[in-house]
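First comes the structure, then the notes that go with it.
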Amino acid sequence: MPMRVTILGLTVAVLTLSACSDAVPTLMNLRNTESGPDEFSVVPTRELEMPTSRELPAPTPGGINRADPTPEADAIAALGGNINAAPSAGGLVSYAGRFGVASDIRGTLAAEDEQFRRENDGRLLERLFRNNVYFDAYEDQSLDRYAELERLRRMGVQTPSAPPPE
């Protein structure tokens, strides 16, 4: 009899603790929704340098500050490249938009995604217990990386960054 009471007590304790959890997972949130500081928005600047002359330079509205970070140029310099010969992103952007660009694409995609999630919001018990059905809803649109790797190899596409076939 005491064993049954112990098992019943443990079961009630586990169910009580599991009911206290948040219903909405926050690991998939890409934006900071808390009121505190956002640790990812703090960008370290370069060290201040003593100018060669004591005269203040003329202000350049919209210009860059010498202490502002330049991650692309810093990465090119760290890898031994020439900062002045670095390719610009203008060519890539113009190639990607060669067939036209929709100015309201973010709003359109957000509305379509909301409609898709509304139509795939889970079964009755999943909604009743507020289970996250995000991965189930998008399962048909996910990519099996191993099957895709095998498909590409059968087509003869070179995949040098993938592990060698067994």
Side-chain angles (χ1 to χ4, degrees), residues 11-46 59-79 81 83-163 165:
T11 304
V12 168
V14 168
L15 289 176
T16 304
L17 286 175
S18 66
C20 294
S21 67
D22 290 333
V24 180
T26 58
L27 291 176
M28 292 184 288
N29 293 349
L30 298 179
R31 291 192 178 96
N32 184 13
T33 57
E34 300 172 1
S35 61
D38 184 9
E39 63 271 12
F40 295 109
S41 67
V42 177
V43 179
T45 58
R46 295 182 185 172
T60 55
I64 61 170
N65 187 345
R66 291 190 316 174
D68 288 342
T70 53
E72 292 87 4
D74 294 344
I76 291 170
L79 294 172
I83 298 170
N84 298 325
S88 67
L92 177 64
V93 171
S94 63
Y95 181 77
R98 67 189 181 278
F99 298 121
V101 178
S103 61
D104 63 339
I105 189 66
R106 290 179 186 239
T108 304
L109 288 177
E112 289 175 358
D113 184 54
E114 185 177 354
Q115 179 65 28
F116 178 80
R117 285 185 286 124
R118 191 176 295 123
E119 292 170 357
N120 296 287
D121 65 348
R123 294 180 287 274
L124 177 65
L125 289 178
E126 291 172 336
R127 282 182 281 159
L128 182 65
F129 290 109
R130 301 175 81 183
N131 282 352
N132 184 1
V133 294
Y134 178 87
F135 295 108
D136 293 335
Y138 288 100
E139 185 175 12
D140 295 339
Q141 299 177 19
S142 65
L143 179 68
D144 181 7
R145 59 182 180 238
Y146 299 113
E148 183 67 12
L149 177 63
E150 290 305 317
R151 185 184 74 83
L152 291 172
R153 284 183 175 160
R154 283 193 304 271
M155 290 173 43
V157 176
Q158 294 183 2
T159 54
S161 62

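For the numbers below, each heavy atom of this structure counts, side chains included, while hydrogens, waters and symmetry mates do not.
Scanning for side-chain contact (heavy atoms from CB on, under 4.5 Å) contacts around Ile105 gives Ala102, Leu109, with sequence neighbours left out. Under the rule for a side-chain contact (heavy atoms from CB on, under 4.5 Å), Val101 has no partner lying at least two apart in sequence or in another chain. Under the side-chain contact (heavy atoms from CB on, under 4.5 Å) criterion, Ala162 pairs with Leu149, Arg153, Thr159, sequence neighbours left out. Take Gln115 and apply the side chain to side chain donor-acceptor pair (under 3.5 Å) test, not counting sequence neighbours, and it matches Arg118, Glu119.
Identified under the side chain to side chain donor-acceptor pair (under 3.5 Å) test for residues 139-150, with sequence neighbours left out: Glu148-Arg151.
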Side-chain donor-acceptor pairs under 3.5 Å in residues 69-78, sequence neighbours left out?
{"residue": "Thr70", "atom": "OG1", "partner": "Arg46", "partner atom": "NH2", "Å": "2.4"}
{"residue": "Thr70", "atom": "OG1", "partner": "Asp74", "partner atom": "OD1", "Å": "3.3"}
{"residue": "Asp74", "atom": "OD1", "partner": "Arg46", "partner atom": "NH2", "Å": "3.2"}

